[in-house]
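A note on names: the letters A, B, ... follow the listed sequences, proteins ahead of strands, and every chain is numbered from 1.
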Amino acid sequence: MAARFGLPLRWPLGIAPDALIGRTVQGVGRRGKYLLMSLDEGVLLLHLGMSGRLVFGRELASAGRHDHMDLETTQGTLRLHDPRRFGAVVWTSGLDVPPASTLLHRLGVEPLSDAFEPRAFHAALRLRRAAIKQVLLAGDVVVGVGNIYASEALFEAGIRPTVRADRLSLARVERLHGAIRSVLERAVELGGSTLRDFANPFGETGHFQLDAAVYGRCGQACLQCGTPIRMVRQGQRSTYFCPACQRS
DNA sequence: CTATGGACCTGAATGC
DNA sequence: TGCATTCAGGTCCATA
């Protein structure tokens with residue numbers, strides 16, 4: 001394969017783009033929100049940030065203002081489109097050495113794996129005094145729970161987003177564990193969330209937001225009890241919750 | 001070590 | 001209409 005790069009992304013690629021000429025893609029994986037593309041020599045880490053989108057095709061239109069990478073392969077071209085450029089494409093010689101190890105080493109457990117287990121989750125939360133919503137977002141206990149899904153999972157579990165993580169009983173953490181799993185599984189089924197112009201490589205938008213119980217519904221009636229949904233700010237991010245269904 | 005606020009960057013929506 | 005302000009799905013980094 002070969003690659004063309006435009007404006008800088010979050011970090012530099014780490015090698016000369018020409019070093020990718022002739023490499024072969026051997027497989028694709030994921031860790032947290034990083035995509036891992038293993039090559040016959042090294043691994044490409046890709047991250048979509050907040051506004052990134054991948055497009056794949058054999059005859060793509062000429063690159064536009066926000067198209068920052070074209071990865072040309074014998075099967076077609078993988079294009080990264082990312083208006084905000086919070087995304088990244090980084091080459092690493094292996095996952096256990098920098099830069100990959102630096103980026104991945106603090107990531108929490110995968111929520112849909114067997115390693116995500118209520119008692120361990122509870123034990124990890126007991127070490128944290130920050131608000132449960134912020135601990136979920138931090139991603140160092142469990143990964144994959146972004147701003148939308150954190151609000152949704154806490155609603156499903158009946159937990160106030162501002163409660164300290166270390167104050168949650170095992171029983172409540174068990175509910176949260178189940179809620180995170182069910183929210184993420186449903187989101188995957190629905191093809192993810194689309195607030196604005198997000199789309200998969202085939203141009204299809206996700207439908208999770210049509211399904212959101214609290215996210216983006218400030219002032220609207222709670223679907224469970226009719227109480228108006230409230231919005232608060234936690235660490236510069238919006239959090240939505242029902243003040244009646246999530247009393248503590 | 002944990003917790004917090006700022007930083008990165010652009011575009012769309014909102015307010016005066 | 002025009003211009004300024006606010007907000008957006010992430011996460012790293014410096015500071016306390």
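Side chain of A/Arg237, nearest nucleotide from C/dT11, B/dG5, C/dA8: C/dT11. For A/Leu103, whose side chain is taken as the heavy atoms from C-beta onward, the closest listed nucleotide among C/dC12, B/dG11, C/dG10 is C/dC12.
When rounded to the nearest whole Å, the span between CG of A/Asp166 and C1' of B/dT2 equals 12 Å. Distance A/Arg106 CZ to B/dT2 P: 9 Å, rounded to the nearest Å. A/Met231 places its CE atom 13 Å from the P atom of C/dT6, with the value rounded to the nearest Å. A/Asp82 has its CG atom 12 Å from the C1' atom of B/dG11, to the nearest Å. Across the protein-nucleic acid pair, A/Leu48 atom CG and C/dT11 atom P stand 10 Å apart, rounded to whole Å. Taking atom NE2 on A/His66 and atom C1' on B/dC9, their separation rounds to 10 Å, with Å as the unit. In this structure, CG of A/Leu9 is placed 15 Å from P of C/dC12, rounded to the nearest angstrom. The distance from atom CD of A/Gln236 to atom P of B/dA7 is 10 Å, rounded to the nearest whole Å.
At C/dC12, one or more side-chain N or O atoms of A/Tyr34 fall inside 4.0 Å of OP1 or OP2 (strictly under the cut-off). Residue A/His47 places none of its side-chain N or O atoms closer than 4.0 Å to OP1 or OP2 of C/dG10.
Clustering ILVMFWY residues whenever any of their side-chain heavy atoms sit less than 4.5 angstrom apart, transitively, puts A/Leu104 in a cluster other than the one holding A/Met37.
When each of A/Arg10 and A/Ser238 is assigned the nucleotide of DNA chain C with its nearest heavy atom, A/Ser238 is the one assigned upstream, toward the 5' end. Between A/Arg85 and A/Asp140, the one whose closest nucleotide on DNA chain B sits nearer the 5' end is A/Asp140. Mapping A/Arg84 and A/Leu107 onto DNA chain C by nearest heavy atom places A/Arg84 closer to the 5' end of the strand.
Shown for residues 117-134 of chain A: residues whose heavy atoms fall under 4.0 angstrom of DNA chain B, namely A/Arg128, A/Arg129, A/Ala130.
Heavy-atom contacts from other residues, nucleotides or ligands closer than 6.0 Å to CG of A/Asp40 number more than 12. Counting non-hydrogen atoms of other residues, nucleotides and ligands closer than 6.0 Å to CZ of A/Arg126 gives a total of 12 or fewer. By the 6.0 Å contact criterion, CZ on A/Arg181 is enclosed, its count of non-hydrogen atoms from other residues, nucleotides or ligands being greater than 12.
Between the P atoms of B/dC9 and C/dC3, the separation comes to 24 Å (whole Å).
Electrostatic pairing of A/Glu110 and A/Arg31 counts as a salt bridge here, judged by a charged N lying under 4.0 Å from a carboxylate O.
B/dC8 has A/Phe86 stacked on its base ring, the centres lying under 5.5 angstrom apart and the planes within 30 degrees of parallel.
Here the closest heavy-atom approach between residue A/Gln234 and residue A/Ala131 is recorded as NE2-CB, 3.4 Å.
Counting heavy atoms from C-beta outward, A/Thr77 and A/Leu71 have side chains that stay 4.5 Å or more apart.
A donor-acceptor contact closer than 3.5 angstrom is absent between the side chains of A/Asp96 and A/Ser101.
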Output field dot_bracket for DNA chain C (Watson-Crick or G-U, both distances under 3.5 Å, | for other-strand pairs) contains .|||||||.|||||||

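Here A/Asp67 pairs with A/His81 under the side-chain hydrogen bond (donor to acceptor under 3.5 Å, both in side chains) rule; sequence neighbours left out.
A/Arg129 places no side-chain N or O within 3.5 Å of a backbone atom of A/Arg164 that could act as its donor or acceptor partner.
Among the heavy atoms of the strands, none lies under 4.0 Å from A/Arg164. Looking at heavy-atom distances under 4.0 Å, A/Gly235 makes no contact with the nucleic acid at all.
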